[in-house]
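Have a look at the structure below before the remarks.
Just follow the structure's listing: the first ligand is 1, and inside any ligand the first atom is 1. Side chains are part of it too, since the values below use all heavy atoms of this structure and drop only hydrogens, waters and symmetry mates. One is the number of the first residue; the rest follow in order along the sequence.
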Amino acid sequence: MKTSDNKTAKVVAYEASESFAKKMDAEDPLSSFRSQFNFPKDAHGRDVLYFTGNSLGLQPRNARKYIEEELDDWARLGVEGHFDARHPWLPYHENLTDMTARLVGAKPAEVVVMNTLTVNLHLMMVSFYRPSPSRYKIVVEQGAFPSDQYAVDSQVRHHGFDPADAIVELKPRAGEVILRTEDIVGALDQLGGSVALVLLGQVNYLTGQAFDVPAICAAAHSSGALFGLNLAHGAGNLLLNLHEWDVDFAVWCGYKYLNAGPGALAGCYIHERHATNPQLPRFAGWWGHDKASRFQMGPKFNAIPTAEGWQLSNPPIFQLAALRASLELFDRATMPALREKSIKLTGYLEYLLRSIPGQYFQILTPEDPAARGCQLSFTTKGNGRKLLEYLKSKGAFCDFREPNVIRATPAPLYISFSDVYKFANLVSEYVKAETAR
Ligand SMILES: *Cc1c(COP(=O)(O)O)cnc(C)c1O
């Protein structure tokens, strides 16, 4: 499987040694970004080995400073902060637009930061799931994140359809974990004119599989369906080119790879051909209204002809401030450079885990770097939760998802090759002790 813009990096001749990991760190042009983050500490006061950036990213050091600036301006200025704050609140979200566009490969008019992920998913389905009696199905991947399943199920019911009929789940072949692109494309061909919307998580939260978005999007469009993406595990992880790929809409959260804190504001992308169409049905709020006439407070909604036209409320400034601190780091590092490091870093983790004798692991995530981001998911022979507890007691964080999947994620913005080496060493010690019994 090939994803056009997520090329396989040059093969690295890995070595399982601390000196090799240190050498990789010394050659890493992004190594200084680590010091821009606050790490939780272990029992000895050392930085934990933080392999859960797929779940909640670390705090950028500037987040506190940026939020405090807004607290100060609020204290100093009260309502006048809307105009006179150092970063005036009225247009504050515009400070994030260009950085967001670069992050996901979109035009500035195609993106907006607003709400939270599931809210945005619903808002997008209001506009882009408008079923007819003959074209009403939504195609999703089996085992999608529960919130996405609930959202899709409730949208289908809202329109009076039966989820059992209207929701089509793509399943891997018997005995396989990963969905094959050719099977997805084949299913879309077969379903043809009955599909209204194809909605995928770009990176599956459980297996870590990254889909071949351009190929699947083209297949959805040729069957006459719209194509939407959930980038919860894609934004800040993979190289994205949403505009070029012709994706109709996408949504993502701000607290996983984007490090904007628990419950952070989310992102939304709407292809320009839709975003510039004020006639497109939507659920409206005053912040989506034409800016020049918003404060005339007229009764008729007049949509901003960009993705901003889907905004509902005036946004939480402290949350925007936290996200701004993080997006600035992504903008300085750049996604191509992060992705290049990420391929090497996750490749190193995979290499080290595979070197542990005893075939203790089954790695579920595809081996092909083009078919994954930085997360590696694996099952273990023994009880996965026990391994997790051991790692935690040694100051290493990764996570566990039912039924028996461990996810370990070296986020390239703040994880080093030495961290990966130390992490894998702890796993190796545990496996040695377990298999010696
Ligand atoms: C994390 C995640 C969510 C979480 O939704 P919120 O609205 O941010 O709580 C939803 N979908 C996917 C695929 C996720 O990975």
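Residues forming a side chain to side chain donor-acceptor pair (under 3.5 Å) with Glu367 (at least two apart in sequence, or on another chain): none.
Ring centroids of Phe128 and His274 are separated by less than 6.0 Å, placing the two rings close together. Ring centers of His122 and Phe283: at least 6.0 Å apart, outside the cut-off.
Geometric assessment of Arg407 against the ring of Tyr205 yields a negative cation-pi assignment under the 6.0 Å and 45° thresholds.
The pair Asp368-Arg372 fails the salt-bridge criterion, with no side-chain N (NZ, NE, NH1 or NH2) lying under 4.0 Å from an Asp/Glu carboxylate O.
Ring geometry for Phe301 versus His289: interplanar angle over 60°, hence perpendicular rather than tilted (30 to 60°).
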Between ligand 1 and the protein, tabulate every N or O atom pair separated by less than 3.5 Å, reporting distance only.
from, atom 1, to, atom 2, distance (Å)
ligand 1, 5 (O), Thr118, OG1, 3.4
ligand 1, 7 (O), Thr118, N, 2.9
ligand 1, 7 (O), Thr118, OG1, 2.6
ligand 1, 8 (O), Tyr255, OH, 2.6
ligand 1, 11 (N), Asp148, OD1, 2.6
ligand 1, 11 (N), Asn230, ND2, 3.3
ligand 1, 15 (O), His233, NE2, 3.0
ligand 1, 15 (O), Lys256, NZ, 2.5

